[in-house]
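Notes follow once the structure below has been shown.
No hydrogens, no waters, no symmetry mates; every other heavy atom, side chains included, goes into these values.
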Amino acid sequence: MIAYLGRIVHDNDAESKLDDDVSSISKSLDLQGSIENGDVSSLASKDFGGLYSVKPLFLIKPSGAEDISRVVKLASRTSNLTVAARGNGHSINGQAMAEGGFVIDMRSTEKNHFEFLPINGSHYIDVSGGALWEDVLTRCVSRYGYAPRSWTDYLSLTVGGTLSNAGVSGQAFRYGPQTSNVTELEVVTGKGEITICSETLNSELFFGVLGGLGQFGVITRARIKLQQAPDMVRWIRVVYSEFEEFTRDAEFLVTQKEGESFDYVEGFVFCNNDDPFNGWPSVPLDPGHEFNPTHISQTAGSILYCLEVAFHYRNSDHPTVDTAVNGLLGRLRFVEGLKSQVDVSYTKFLLRVNRAEEQVKANGPGDGPHPWLNLFVSKSDVVNFNRTVFKTMLKDGVGGPMLIYPLLRSKEKRNA
């Protein structure tokens, strides 16, 4: 079988034989799932970044971990085959592609695992690595009233995909990134072995896979920590003209004890102008509430800062929400008159970016290039970073979001 596959890779006439090759490889691997030609128009040849397009040899749609194991074992015994696991294709630089190799479509496994597990007074959910976080959210909340503690802003991503990176959003200051909220993984290793790992079982593999960018194995199942889901969220945005005040308030909020701060803290940079994508119109949460720039000091620079926070509550708590929220806002130093807030359901809040994406697609093509850069900046360097990058290099915006996540290093899970 290996020699036959090598012939496929190097034969200049391989295109004319692909239909036969698909059938032969499928039978040789004894796949329970399916295998398709790696046509340049298929999803396997592109990703969200839109910067590269390469043609894989085959697109594998596995039925489960056993199929993935067979494919990886085959590739591990050759010198010229690569394998890439593709979740929802939201990578930027072609990480989910494999030119001339196998692309494994993890979405075909999304329904393999979904089990609610009460263990020693705590609650967990076992989910497939190919499941979308948005589906995990809606199923957990609607069936059990529980939800994972830590999220990404955009939830049309797979569980295995974000756990292979970090999974950061406005809850990370409290619970750490998504990688810090996993207790067990099922992984197909680089040798094709199906292995269970945790902090105490095969721990080196466990910590290598979490945030390992897919270089240590393919996540086929994950056990995620849960908490009771709130009913509602008060979602608030406040504006700052000075970076030092913005960061001081963000740091204050993320260092308070649980129950004494907001449940979500994040921020973004925007332009001090009326540009619909980069400026004032990007701030208000309520369409009926317009941004009033007369509140901004004439000494303000070309960019401004928005602190975005959220307060979770149960419907029965509503009478006390105003007191708690106003008490927290009263300790912040944002620009008076530049506050926007709405009350939404918990699931609607977490799916806010998905809805924004749907609106963009409805109003025009959304499949252009999406370059993206994530950086971790230390507290000691963040003021200089603002001066050099935001105020100078990016003062006119980037045509997209410039997000700021205040994080605490102590919340990151590390291999001891």
Side-chain angles (χ1 to χ4, degrees), residues 92 122 133 147-154 157 159-185 197-200 203-216 219 222-227 240 243-269 305-312 328 331-333 350 372-390 401-416:
I92 304 301
S122 297
W133 282 108
R149 308 189 305 175
S150 188
W151 298 95
T152 56
D153 285 337
Y154 179 63
L157 307 171
V159 171
T162 64
L163 295 182
S164 295
N165 285 270
V168 173
S169 187
Q171 308 88 359
F173 79 93
R174 178 72 67 210
Y175 302 112
Q178 290 182 317
T179 50
S180 295
N181 289 273
V182 182
T183 61
E184 183 179 284
L185 297 172
C197 57
S198 67
E199 290 188 48
T200 56
S203 60
E204 187 173 3
L205 176 64
F206 181 72
F207 287 105
V209 168
L210 292 174
L213 300 177
Q215 299 304 298
F216 298 92
I219 298 172
R223 182 165 296 173
I224 312 295
K225 294 179 182 177
L226 301 178
Q227 63 179 5
Y240 296 78
F243 186 70
E244 287 78 3
E245 292 183 348
F246 165 77
T247 54
R248 187 162 50 234
D249 281 357
E251 183 176 350
F252 161 73
L253 291 174
V254 302
T255 53
Q256 300 306 297
K257 295 179 181 178
E258 187 171 0
E260 298 179 5
S261 184
F262 290 105
D263 300 285
Y264 166 98
V265 180
E266 193 175 306
F268 61 90
V269 179
Y305 312 91
C306 180
L307 189 61
E308 187 170 22
V309 297
F311 187 87
H312 297 171
L328 287 168
R331 303 182 66 175
L332 307 184
R333 285 161 282 191
L350 289 177
W372 195 280
L373 177 65
N374 291 324
L375 295 173
F376 289 93
V377 182
S378 67
K379 176 182 177 180
S380 60
D381 294 319
V382 71
V383 171
N384 287 335
F385 183 89
N386 169 65
R387 184 184 304 115
T388 303
V389 178
F390 291 143
M402 294 187 284
L403 304 177
I404 300 176
Y405 302 93
L407 303 174
L408 298 175
R409 186 176 296 177
S410 61
K411 298 296 181 179
E412 298 175 17
K413 180 182 289 184
R414 286 186 174 84
N415 187 354

Validation row: [X], [Y] side chains within 4.5 angstrom (heavy atoms):
X: Gln171; Y: Leu350; answer: yes
X: Trp372; Y: Pro401; answer: yes
X: Tyr264; Y: Glu308; answer: yes

Let me know which of Trp133, Tyr154, Trp151 forms a side-chain hydrogen bond (donor to acceptor under 3.5 Å, both in side chains) with Thr162.
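Considering Trp133, Tyr154, Trp151, a side-chain hydrogen bond (donor to acceptor under 3.5 Å, both in side chains) with Thr162 is found only for Trp133.
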Can you list the residues that meet the side-chain hydrogen bond (donor to acceptor under 3.5 Å, both in side chains) rule with Lys257, with sequence neighbours excluded?
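Result, side-chain hydrogen bond (donor to acceptor under 3.5 Å, both in side chains) vs Lys257: none returned.
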Could you pull out all residues at least two apart from Asn386 that satisfy side-chain hydrogen bond (donor to acceptor under 3.5 Å, both in side chains)?
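With neighbours one apart ignored, the set is Tyr305.
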Tell me if the CZ atom of Arg331 is crowded by more than 12 foreign heavy atoms within 6.0 Å.
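Atom CZ in Arg331 is not packed in, count stays at 12 or less.
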If only atom types and distance count, is the side chain of Thr388 paired as donor or acceptor with the main-chain N or O of Phe385 below 3.5 Å?
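No, Thr388 side chain to Phe385 backbone: no donor-acceptor pair under 3.5 Å.
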Strictly distance-based, threshold 3.5 Å: is any side-chain N or O of Ser150 a donor or acceptor partner for the main-chain N or O of Ala172?
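Absent.
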Write out all pairs satisfying salt bridge (Lys or Arg N to Asp or Glu O under 4.0 Å) with one or both partners inside residues 162-184, taking only residues at least two apart or from two chains.
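Those involving residues 162-184 are Glu184-Arg221, Glu184-Arg223.
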Given Tyr405, which partner from the list Asn374, Asp153, Val265, Val254 fulfils the side-chain contact (heavy atoms from CB on, under 4.5 Å) test?
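When Asn374, Asp153, Val265, Val254 are each tested with Tyr405, the side-chain contact (heavy atoms from CB on, under 4.5 Å) holds only for Asp153.
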Shortest non-hydrogen contact from Ser180 toward Lys411
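Closest heavy-atom pair between Ser180 and Lys411: OG-O, 3.2 Å.
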